[in-house]
Amino acid sequence: MSTAVLGAKGLPRGPYYDTREHEAGVSLDGLRDPALHTIRRKPWARGMNSTAMKYYEDLVRSQVGELARAFHQREGEKVDISAWMTFFGFSYGFGMLQNGRDVHGLSDLIERALTEAAWISHVPWSIPFLGYIPGGSTSWEEMKVAGEQAVKRRVDGGSIHPDLFHYLMDEDGVEPIKPSLETCAIDGQLAIIAGSDTAATALAHLWYFLLSQPQCFNRLRKEVDDAFPPGEDSLMDLARQGAMPYLNACINESLRLYPPVLTGLQRRVVSGTGGRMVGPHFVPDGTQVAAWAYSIHRDPKHFSPLPNAFWPDRWLSQEKFVLPSGEAISQDQVITERDVFLPFSLGPMVCAGKNVAMTEMRAVVCAVMQQFDIEIADRSCVDSWEDDVHEIFVTSRGTLPVLLKSRSLPTLI
Ligand code: HEM
């Protein structure tokens with residue numbers, strides 16, 4: 001069903017996405033016309049291809065190195081690892097890692113803005129009137145401006161590397177019509193929110209699961225230590241991290257239980273078409289259909305046994321499995337339906353930054369686990385973590401204070 005809704009032959013986006021309208025146009029993620037979306041997606045595809053990935057890998061190495069350095073400086077202090085994942089997520093150009101705080105209040109602004117957008121998206125007809133309601137969409141508008149300003153700074157400052165904006169602005173000169181600065185600024189704001197907040201949330205959830213399940217933490221730590229023995233810096237070989245089965249299983253399992261975009265992914269049967277079949281169901285004209293990753297991922301039809309438990313083994317290819325209770329089960333008793341695993345959505349509007357996000361997450365986990373022992377500093381925050389998760393199109397979350405102790409000091413880059 002997810003493919004029937006979201007896949008190449010699926011439905012176009014629904015009115016939920018009308019909030020993505022800016023004065024100068026619509027951002028990529030708000031384009032509801034599939035043909036326009038395909039055209040606009042082209043520079044993003046170039047900006048995320050394997051050549052461009054080399055640049056992001058260097059960036060990931062330097063930012064994860066920066067994160068590890070900041071953690072070494074704070075050894076023995078209480079560190080909110082959830083907040084630090086945000087500082088890492090927004091490390092490109094906002095100085096959060098260097099300052100150890102959200103200097104410009106950007107992540108707070110984004111949280112306020114997305115909270116506003118969460119209700120506006122459900123009543124998109126209200127958008128033209130919001131300007132008349134004092135405070136109706138102030139943060140949403142402020143966030144758009146902050147994103148656009150960040151892009152303008154990049155344009156004025158230039159870049160010696162072919163970064164994402166190199167492609168979005170068509171500095172490689174392959175588009176028949178060069179996009180306007182305003183269009184790039186709109187998509188730049190999208191890159192900041194889509195790329196920073198999501199990865200930070202995904203990492204924070206993963207730390208929560210690893211810290212609350214020491215047997216999973218220890219098993220992953222062993223895989224990291226075997227892959228990168230003492231003295232070998234994990235950041236020097238990001239490709240090796242892509243082939244670490246338990247690491248990738250832990251990341252997938254955390255994304256399964258808490259996909260950063262928990263609901264959303266709304267689509268609509270085009271009005272005037274008389275309705276259409278979506279999988280085995282007839283959906284009438286103009287009807288909205290949404291694929292909620294959170295619910296789909298916890299459906300025992302798709303993920304079993306223990307659909308609500310963090311059990312990374314389900315992602316491994318093996319003949320025998322051992323459940324956390326110690327009970328042994330065989331491969332045919334385990335259901336892991338990869339086709340309905342939607343943390344990055346799927347189809348033509350699939351996340352443009354999936355490979356960058358996976359590279360970032362693997363690099364952070366390997367570096368931190370290789371270099372630090374981590375101890376929970378406030379058990380009550382772990383206990384209330386799942387109660388503090390709120391859906392705001394993306395996810396707002398609580399704090400996760402830990403104490404970090406240095407294990408070894410690989411060569412810093
Ligand atoms: C763990 C991290 C991430 C997750 C879970 C994630 C998830 C998603 C999801 C579910 C969508 C579809 C949203 C929708 O259709 O409403 C999406 C779209 C998008 N994501 Fe990501 N994302 C992540 C990281 C990134 C990164 C690092 C970038 C890079 C800048 C990025 C850029 C985008 C863009 C541009 C879109 C819009 C795609 C389109 O409309 O064609 N994302 N992401």
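As the structure is a computational prediction, the values presented were derived from the model and not from experiment. Order of appearance sets the numbers: ligands from 1, and atoms from 1 within every ligand. We're numbering straight along the sequence, starting at 1.
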Find all atoms of ligand 1 within a distance of less than 4.0 Å from any non-hydrogen atom belonging to Pro260, and give their numbers and elements.
-> 5 (C)

Assess His37 for proximity to ligand 1: is some non-hydrogen atom of it under 4.0 Å away?
-> yes

Nearest protein heavy atom to atom 7 (C) of ligand 1, by residue and atom, and its distance?
-> Pro343 O, 3.3 Å

Will you find, in the side chains of His72 and Ser406, an N or O donor that is under 3.5 Å from an N or O acceptor?
-> yes

Do any heavy atoms of Tyr16 fall under 4.0 Å from ligand 1?
-> no

Interfacing atoms of ligand 1 (cut-off 4.0 Å, heavy-atom, Val261) | 10 (C)

Could you check atom 22 (N) of ligand 1 against the protein and tell me its nearest heavy-atom contact, residue, atom and distance included?
-> Cys351 SG, 3.1 Å

Could Arg314 and Phe303 be counted as a cation-pi pair, given that NZ or CZ must be under 6.0 Å from the ring centre and within 45° of the axis?
-> no

What do you reckon, are the aromatic ring centroids of Phe209 and Trp385 less than 6.0 Å apart?
-> no

Can Asp187 and Arg41 be counted as an ion pair, charged N to O under 4.0 angstrom?
-> no

re atom 13 (C) of ligand 1, the protein heavy-atom contact at minimum distance is Leu265 CD2, 3.7 Å

Met48: heavy atom below 4.0 Å from ligand 1, yes or no?
-> yes

Which atoms of ligand 1 sit under 4.0 Å from any heavy atom of Phe393?
-> 16 (O)

Using heavy atoms and a threshold below 4.0 Å, how should the contact between Arg41 and ligand 1 be classified: side chain, backbone, both, or neither?
-> side chain

Report the residue from Trp84, Phe87, Phe88 that forms a ring-ring contact (aromatic ring centres under 6.0 Å, His included) with Phe71.
-> Trp84

shortest atom 24 (C) of ligand 1-to-protein heavy-atom contact is with Thr198 OG1, 3.3 Å

Atom 40 (O) of ligand 1 has as its nearest protein heavy atom Arg13 NH2, 2.8 Å

With a 4.0 Å heavy-atom cut-off (strictly under), which part of Thr201 contacts ligand 1: side chain, backbone, both or neither?
-> neither

Which heavy atom of the protein is the closest neighbour of atom 15 (O) of ligand 1, given with residue, atom name and distance?
-> Tyr17 OH, 3.3 Å

The protein heavy atom nearest to atom 35 (C) of ligand 1 is Trp44 CZ3, 3.3 Å

The one among Gly195, Ala194, Ala291 that brings a heavy atom closest to atom 27 (C) of ligand 1 | Gly195

Neighbour count >12 (heavy atoms, 6.0 Å) for atom CH2, Trp292 | no

Decide whether an N or O pair under 3.5 Å exists between Lys354 and ligand 1.
-> no

Heteroatom proximity flag, Ser345 to ligand 1, N/O under 3.5 Å | no

Heavy atoms of other groups near Lys222 NZ, more than 12 under 6.0 Å | no

What is the ring orientation for His205 with Tyr258, classed by angle as parallel under 30°, tilted 30 to 60°, or perpendicular over 60°?
-> parallel

